Amino acid sequence: MTESKRQLDSDISVPKHIAIIMDGNGRWAKKKGQPRIAGHKEGMNNVKTIATAASHLGVKVLSLYAFSTENWSRPSKEVNFLMKLPVDFFGTFMPDLIKENIRVFVTGFTDHLPDKTRKVVLKAVEDTKGNTGMILNFAFNYGGRAEIVNAAKNLAIEAASGSIDPSDIDDAMFADHLLTNHLKELADPDLLIRTSGEERISNFMLWQLAYTEMIFDDSYWPDFTVDDLVEDIKEFDRRDRRYGSV
Ligand code: FPP
């Protein structure tokens, strides 16, 4: 049994899909008198720790909000650094991903990424496609509203061409046109965690979060620990999910 598995009793229900808004890298760096990018670097290192622990705890999908469609408005130095992070991450972490049987997915408008970033991310998806364990799903150049508009546009195109009947559009067909369609029945997170004390969802998985339990942690992302994750899973287990029923 792994270290983290030992921290959960066997009767605890582990969320199948955990989504995390990894917030607070900038403030973490400021607190230490370092540049914001140092916070992102430390945040990237913490992705390794938390992803490994989540996999050991039996999580099926871990979705991480790594870059939003709104993050392009940050200073170019910071955007460039964030675009290079996947090169560093997969360059150093791929052996562990293979060892841990973790499969990488990306959810986002990848066509609009710089060439080098897109290539390294899609290569990681390709190199891990045979892995059967946890899915590590990076939301990269992702925005919930843009995703919904994109789905509506594609459905309209299909309806106009006659390949679908508009009256057949239902929740399932709509979900199938979202960027998370590759996650199939696991597309909707069971638990959303946001770090850094902010309590909002910032355009993340707007459709998919409809019935998701939410936990807001005070730690900045680089300080978020495996123990915090375990405590959040225990809190999730105490929640009563009714999906609009009684
Ligand atoms: C939000 O904190 C964080 C981000 C916009 C980037 C998150 C990215 C990582 C943690 C690294 C991702 C790793 C890979 C492999 C791509 P913030 O900068 O808004 O923090 P602040 O609110 O304190 O300023």
Side-chain angles (χ1 to χ4, degrees), residues 18-55 61-98 100 102-110 112-114 116-125 127-128 134-144 146 192-205 216-226 228-229:
I18 298 182
I20 305 184
I21 301 178
M22 308 179 289
D23 197 12
N25 293 345
R27 278 164 286 166
W28 180 90
K30 191 172 176 204
K31 191 179 72 179
K32 294 197 162 327
Q34 293 175 13
R36 291 178 56 78
I37 56 172
H40 294 314
K41 171 94 181 170
E42 195 60 23
M44 180 199 75
N45 287 332
N46 205 29
V47 167
K48 298 176 181 177
T49 306
I50 297 300
T52 306
S55 160
V61 179
L62 179 68
S63 289
L64 301 176
Y65 204 8
F67 192 89
S68 79
T69 45
E70 287 69 41
N71 287 152
W72 295 106
S73 64
R74 293 187 175 210
S76 58
K77 188 171 164 234
E78 184 171 343
V79 169
N80 291 341
F81 187 84
L82 287 168
M83 286 298 139
K84 284 194 198 113
L85 271 184
V87 180
D88 187 347
F89 181 80
F90 293 116
T92 51
F93 199 45
M94 189 48 77
D96 292 274
L97 290 171
I98 301 293
E100 300 289 340
I102 294 174
R103 185 171 181 188
V104 174
F105 273 4
V106 61
T107 297
F109 297 95
T110 49
H112 304 146
L113 292 172
K116 196 165 178 197
T117 311
R118 189 180 62 253
K119 279 188 190 136
V120 85
V121 169
L122 296 183
K123 184 170 181 328
V125 172
D127 289 351
T128 59
M134 187 183 81
I135 291 169
L136 178 57
N137 177 41
F138 283 102
F140 211 76
N141 196 23
Y142 172 87
L192 172 79
I193 297 169
R194 182 176 186 143
T195 59
S196 92
E198 309 286 353
E199 301 190 2
R200 55 178 173 270
I201 56 175
S202 300
N203 205 16
F204 191 40
M205 294 193 162
F216 299 97
D217 275 283
D218 284 335
S219 313
Y220 296 144
W221 170 250
D223 289 333
F224 183 79
T225 63
V226 175
D228 293 328
L229 178 66

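We number each residue from 1, following the sequence as shown. In listed order, ligands and their atoms are each counted from 1. All values derive from a computational prediction rather than experimental measurement. Every heavy atom of this structure was used, including side-chain atoms; hydrogens, water molecules and symmetry mates were not.
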Heteroatom proximity flag, [X] to ligand 1, N/O under 3.5 Å:
X      : value
Gly43  : no
Trp221 : no
Asn71  : no

Proximal atoms of ligand 1 relative to Leu85 (non-hydrogen, under 4.0 Å): 11 (C)

Numbering as shown, the atoms of ligand 1 that approach Phe89 to under 4.0 Å (heavy-atom distance): 15 (C)

Euclidean distance, Ile50 CD1 relative to Ser55 OG, rounded to 0.5 Å: 12.5 Å

Spatial distance of atom CZ (Arg194) from atom CG (Asp217) [nearest 0.5 Å]: 12.0 Å

Among protein heavy atoms, which lies nearest [atom], and at what distance?
atom                    : answer
atom 1 (C) of ligand 1  : Met22 O, 3.4 Å
atom 20 (O) of ligand 1 : Gly26 N, 3.1 Å
atom 16 (C) of ligand 1 : Phe140 CE1, 3.8 Å
atom 14 (C) of ligand 1 : Phe138 CE2, 4.0 Å

Matching residue for Asn25 among His40, Glu42, Arg36 - test: side chain to side chain donor-acceptor pair (under 3.5 Å):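 Passing option: His40.
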
Polar side-chain atom of Tyr142 near backbone of Met205 as donor-acceptor pair, under 3.5 Å: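 Indeed, once roles are kept as given, a pair shorter than 3.5 Å links the two residues.
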
Under 3.5 Å donor-acceptor, Ser68 side chain and Glu70 backbone: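 Looks like yes, one N/O pair under 3.5 Å.
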
Any side-chain donor near an acceptor of the partner, Thr107 and Asn137, under 3.5 Å: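 Short answer, yes.
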
Nearest-option assignment for atom 24 (O) of ligand 1, heavy atoms, candidates Arg36, His40, Arg27: Arg36

Best match, Ile21, Asn25, Ile50, Val120: closest heavy atom to atom 10 (C) of ligand 1: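 Among Ile21, Asn25, Ile50, Val120, the closest heavy atom to atom 10 (C) of ligand 1 comes from Asn25.
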
contact_flag Ala66 ligand 1 heavy-atom lt 4.0 Å: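 Yes, that is the case, since the closest heavy atom of the residue is under 4.0 Å from the ligand.
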
Ligand 1 contacted by Arg74 (non-hydrogen, < 4.0 Å):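 So Arg74 counts as touching ligand 1.
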
Pairwise side chain to side chain donor-acceptor pair (under 3.5 Å) hits with a residue in residues 86-98, at least two apart: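 Listed by first then second residue: Lys41-Asp88, Lys48-Thr92.
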
Check ion pair Lys31-Asp223 (N to O, under 4.0 angstrom): yes

Those residues that, when tested against Phe93, pass ring-ring contact (aromatic ring centres under 6.0 Å, His included) (two or more places apart): Phe89

